**Q** 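Would you mind keeping the following structure in view while I ask a few things?
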Number of protein chains: 2
Amino acid sequence: MRYPTALVALIRELGRLPGIGPKSAQRLAFYLFDQPEHDVRRLADAIRDAKASLDRCPVCYNVMTRGEPSCAVCSDRQRDRSLLCVVEQPADVLAIERSGEYQGLYHVLHGALSPMNGIGPDQLTIPALMARLDSDTIHEVILATSTTVEGEATAMYLAKQVGEGRVEVSRIAYGLPMGGDLEYADEVTLGRAISHRRPL
Amino acid sequence: MRYPTALVALIRELGRLPGIGPKSAQRLAFYLFDQPEHDVRRLADAIRDAKASLDRCPVCYNVMTRGEPSCAVCSDRQRDRSLLCVVEQPADVLAIERSGEYQGLYHVLHGALSPMNGIGPDQLTIPALMARLDSDTIHEVILATSTTVEGEATAMYLAKQVGEGRVEVSRIAYGLPMGGDLEYADEVTLGRAISHRRPL
């Protein structure tokens, strides 16, 4: 039996999304087929509108509404303009904002260094970061790239580059996650938590 | 910080999909933001087109291209019109077709009986199934609803309803999945596999 072309196309497109395999794509396609036309159209419109109306902030490369001069953080006069937090992805900005612990600015790299995959400083927003440090009011750069091999390498690279200037460089703390049981922590995390212990 | 409206809307719509929680929705939204406009538009179009151009087959309620008289199975003159396989979902038709073991017709219930959730025979395509059995050339009905509590209850209900007529009723076999290790099979499956053993 041949499935209708439109269904095959939908399964194929859904299957391109990260974390969605062929089975999930098929399940989602049939789910959408069973939903009211109005709801399905709203999803399609949201996808199209998001792409059409979002852009990268020309200052920090975070996501922003297209046509605005800069993103919500960069254009907020209340933020501390002496602090700059460097992250890999726009989603990381959202995560840090949710913590409520940070009032400075951001810089989104849109990835991490990965020479194996041909991703060097020029494939990220590192040149723009360097230009920003030269001209801006920033006194401290907090390297908040992820604690993966590539995130660590990116932090080390940036520490070296930035450290040559007048700007202080720091790295987010390593240690046990809150609510975590010691016995379930991996040995690397636990080792860091001990060697980076703080006096009380 | 407030996220752009279009991004919030996209995360909300993606989060409505089954199996996609808030974190996955956010990850997918940022992924789409990073993709070329052309690819994102193709996904949006595939969703919209699938909904607009697909319909339920008026005979068996499987998915079909809108405007056609019936689905690819029902309109295939080569199929055995004495056999009718009853399944819960269009995806089940696809799964059985892939097995290559079946050449008869289908009837898609679009769910299973679930009195707790207010789903009785009239919320499914059971009345249409009964009408089909009265008027059609069918000699055997194969109940291929799932082996969940609700799928089983639906099969029992249908066996009783259909069994009153001239049509034979059968249930798909229970037993060990192929390639399955005995020690990993749950006790109910193993019990069924033994009590339904077949002479060689």
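Small disclaimer: the values here were computed from a predicted structure and weren't measured. Reminder, nothing fancy here: chain letters follow the sequence lines and each chain counts from 1.
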**Q** Which residue pairs satisfy the ring-ring contact (aromatic ring centres under 6.0 Å, His included) criterion with at least one member in residues 65-95 of chain A, sequence neighbours excluded?
**A** none
**Q** Taking side chain as everything from C-beta outward and backbone as N, CA, C, O, which of these in Glu68(A) sits under 4.5 Å from a heavy atom of chain B? Side chain, backbone, both or neither.
**A** neither
**Q** Is Leu43(A) in contact with chain B via its backbone, its side chain, both, or neither, using a 4.5 Å heavy-atom distance?
**A** both
**Q** Under a 4.5 Å heavy-atom cut-off, does chain A meet the side chain of Leu28(B), its backbone, both or neither?
**A** side chain
**Q** Can you pull out the residues in residues 151-158 of chain B with any heavy atom less than 4.5 Å from chain A?
**A** none
**Q** Where does Ser53(B) contact chain A at under 4.5 Å (heavy atoms): side chain, backbone, both or neither?
**A** side chain
**Q** Answer with side chain, backbone, both or neither: which region of Arg98(B) has an atom nearer than 4.5 Å to a non-hydrogen atom of chain A?
**A** side chain
**Q** Between Ala52(B) and chain A, which part of the residue has a heavy atom less than 4.5 Å away: side chain, backbone, both or neither?
**A** both
**Q** Let me check something: any side-chain donor-acceptor pairs from residues 16-24 of chain A under 3.5 Å, sequence neighbours excluded? List them with distances.
**A**
{"residue": "Arg16(A)", "atom": "NE", "partner": "Glu13(A)", "partner atom": "OE1", "Å": "3.3"}

**Q** Below 4.5 Å from any heavy atom of chain B, which atoms of Arg27(A) appear? Answer side chain, backbone, both or neither.
**A** side chain
**Q** Drop me the distance from Phe33(B)'s CZ to Asp55(A)'s CG, to the nearest 0.5 angstrom.
**A** 6.5 Å
**Q** Any idea which heavy atoms bring Pro36(B) and Lys51(A) closest together, and the distance?
**A** C-CE, 4.1 Å
**Q** Using a side-chain heavy atom cutoff under 4.5 Å and only I, L, V, M, F, W and Y, what cluster partners does Met64(B) have?
**A** none
**Q** Test of understanding: clusters of I, L, V, M, F, W, Y form through side-chain heavy atoms closer than 4.5 Å, transitively. Do Ile172(B) and Tyr106(B) belong to the same one?
**A** yes
**Q** Side chain, backbone, both or neither: which part of Asp76(A) has an atom under 4.5 Å from a heavy atom of chain B?
**A** neither
